[in-house]
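Below, chain A is the first sequence line, B the second, and so on; all start at residue 1.
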Amino acid sequence: MKKRGPVYVWCYTVGVAVAFGLVLSFVNQLTAPKIKANRQAAMCREIMRALGYVLRDDASSEEILARFDAVVAEREYAGASGGRPLVVWEGYEETDAPGGGSEPRGKVIGYAFRVGGVGFWGPIEGVLALEPDLATVRGISFYKDEETPGLGHEINAEWFRNAFKGKRVRDAGGAVGVEFTARGKEPKALNEVDAITGATETTNSVKAFLVRDIGAFLDAAERRGIGKR
Amino acid sequence: MSEHARNIAPPAMPLGLRIKASPEYRTFKTQFWDDNPLFRQILGVCSALAVTNLVTNTLVMCVAVTLVTACSSCLYALVRDATPPRTRLLVQMLIIASFVIVVHLFLAAYMFAVSEQIGAYVGLIITNCIVLGRVEAFATKNRPWLAFVDGIGAGCGYSLVLILVSLPRELLGFGSLCGVAVVPESLPRWNIMVMAPAGFFGLAVVIWVCRALQLRAQAGKARPGGK
């Protein structure tokens with residue numbers, strides 16, 4: 001077969017494409033379960049972090065998923081927020097007693113739900129957890145952001161996440177709202193949190209979507225009886 | 001020539017000189033230093049700016065680029081005689097893209113945290129001029145082994161510059177090296193060092209220093225008595 005002939009060119013090109021396609025399919029099949037577990041574990045880690053569970057930094061995906069299944073139950077409430085189902089993760093007290101089923105049992109320690117909106121550079125997504133009284137923040141965690149490293153990206157810093165713990169989600173007048181004030185300014189109101197210096201846009205964005213998403217969750221909780229079990 | 005003279009074996013060349021005279025050494029050194037892809041050819045700048053604010057991310061990117069360049073060059077050199085000239089670029093891109101996807105999948109499976117941070121840039125290795133440049137310029141005319149060494153040299157040359165840029169950026173910007181805190185918390189962090197402008201400044205300084213060193217070495221060789 002002539003190397004420059006059209007038949008050879010066609011056969012060679014198709015052969016090479018098929019060969020590489022097969023190799024890539026094989027590698028994809030090989031790594032797909034691990035990648036899927038990693039993605040699930042990354043999300044579960046953030047939910048558990050918001051709910052206040054302590055996880056080792058080097059915990060494997062399998063360990064995280066097993067522990068998540070043991071202490072967190074996922075509930076879906078249809079048509080709760082803008083027609084989309086509201087997903088709530090109930091965190092349970094860790095206990096050595098056998099659960100006796102696939103669901104975790106015991107005392108509920110918090111309720112977590114998704115929060116997110118548009119940041120300065122791109123979308124911000126995270127999880128906020130409330131105490132069983134649905135009035136106090138238990139924790140917050142962000143699993144996706146494109147904010148400026150050292151500035152807006154500080155929303156992932158421990159000090160910023162810790163600043164939310166124990167804060168009320170309503171102001172003195174009873175309106176849903178989280179306020180950001182200068183870092184270090186004391187005393188703070190029950191719903192006031194340290195802002196990030198130099199990241200005003202990110203802070204404003206976080207404030208806006210927290211007010212919106214906490215409000216939506218509390219409305220749904222009222223209608224669906226979440227937290228009254 | 002007398003019988004005696006023929007029986008005397010030529011003096012063995014020292015190992016160092018033998019290595020320096022080998023085509024592998026010359027090929028590697030050309031890409032690593034003399035014609036470094038970043039500070040001589042100004043290729044692959046995009047990823048050099050994007051991933052250099054953390055040393056760990058930089059190292060992963062360096063290994064990825066080096067592996068993709070070396071393996072793509074080697075594989076193309078193996079199939080080049082069978083490849084019709086008119087499908088040359090198509091096959092080169094197919095090979096490069098396949099290696100990049102394999103690296104991308106392995107990172108997502110076994111180094112998920114790093115993959116989440118630099119995954120987008122790993123995907124962009126496909127468009128990195130260094131990789132296609134070495135395949136087209138070198139692998140199309142040389143043996144697979146030498147093409148592999150050329151790819152390793154180009155990857156190491158790229159890595160040299162990236163690591164030099166990333167060290168001060170992470171140290172001053174985050175106060176750490178490879179994620180380990182080395183600067184006391186009390187010292188202020190230079191936020192500009194983790195942002196894109198510091199990548200530009202850092203790369204410019206490294207190019208300046210490396211080219212000045214090259215010029216000095218060339219001037220030394222040109223001087224009478226210079227080696």
Side-chain angles (χ1 to χ4, degrees), chain A residues 1-43 45 57-58 60-61 64 121-122 143-154 156-157 159 196-199, chain B residues 50-54 57 72 75-76 79-117 119-120 169-170 172-175 179 185 188-199:
Chain A
M1 204 183 291
K2 279 203 305 190
K3 196 172 147 186
R4 287 174 187 272
V7 178
Y8 180 85
V9 171
W10 271 101
C11 290
Y12 183 85
T13 310
V14 170
V16 168
V18 169
F20 277 101
L22 287 173
V23 171
L24 289 181
S25 301
F26 173 72
V27 177
N28 188 44
Q29 287 294 315
L30 196 73
T31 53
K34 183 81 181 152
I35 294 172
K36 190 179 170 198
N38 285 344
R39 291 208 172 115
Q40 282 178 340
M43 184 69 196
R45 179 188 279 275
D57 283 345
D58 60 346
S60 69
S61 297
I64 294 169
W121 292 113
Y143 55 85
K144 182 179 180 183
D145 80 88
E146 295 168 20
E147 301 308 284
T148 312
L151 296 174
H153 190 63
E154 283 287 291
N156 286 292
W159 71 263
I196 302 168
T197 311
Chain B
V51 301
T52 49
N53 57 8
L54 285 170
N57 292 355
S72 304
L75 188 56
Y76 185 74
V79 300
R80 72 190 151 99
D81 289 336
T83 305
R86 75 174 90 164
T87 60
R88 192 185 76 243
L89 272 173
L90 186 148
V91 173
Q92 288 170 1
M93 288 310 295
L94 196 63
I95 290 172
I96 294 167
S98 301
F99 277 114
V100 171
I101 292 168
V102 168
V103 168
H104 198 89
L105 289 173
F106 271 93
L107 275 182
Y110 301 104
M111 297 180 80
F112 187 71
V114 176
S115 164
E116 283 289 285
Q117 289 181 44
R169 286 189 74 187
E170 184 176 347
L172 298 172
F174 291 108
E185 280 288 324
R189 303 288 183 257
W190 298 16
N191 285 334
I192 185 93
M193 293 305 282
V194 294
M195 294 163 74

**Q.** Residue part contacting chain A, namely of Leu107(B), when any heavy atom lies under 4.5 Å
**A.** neither
Q) Which answer fits Ile95(B), side chain, backbone, both or neither, if we ask what part of it has an atom under 4.5 Å from a heavy atom of chain A? A)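 Answer is both: backbone and side chain atoms of Ile95(B) are under 4.5 Å from chain A.
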Quick one: [atom1] on [X] to [atom2] on [Y], what's the gap to the nearest 0.5 Å?
X         : Y         : atom1 : atom2 : answer
Glu116(B) : Arg39(A)  : CD    : CZ    : 7.0 Å
Ile35(A)  : Ser115(B) : CD1   : OG    : 7.5 Å
His153(A) : Asn191(B) : NE2   : CG    : 12.0 Å
Ile101(B) : Phe20(A)  : CD1   : CZ    : 11.0 Å
Leu105(B) : Lys34(A)  : CG    : NZ    : 14.0 Å

**Q.** Residue pairs, two or more places apart or on separate chains, that pass ring pair (Phe, Tyr, Trp, His ring centres under 6.0 Å) and touch residues 80-107 of chain B
**A.** Phe106(B)-Tyr110(B)
What closest approach, in Å, do [X] and [Y] show between heavy atoms, and which atom pair accounts for it?
X        : Y         : answer
Tyr12(A) : Pro84(B)  : CD2-CD, 3.4 Å
Leu24(A) : Ser98(B)  : CD2-O, 3.5 Å
Ala42(A) : Phe112(B) : CB-CE2, 3.6 Å

Q: Count the heavy-atom pairs under 4.5 Å between each of Ala109(B), Ala113(B), Gly173(B) and chain A, then report the option with the highest count.
A: Ala109(B)
Q) Listed by chain and number, what are the salt bridge (Lys or Arg N to Asp or Glu O under 4.0 Å) partners of Asp58(A), not counting sequence neighbours? A) Arg56(A)
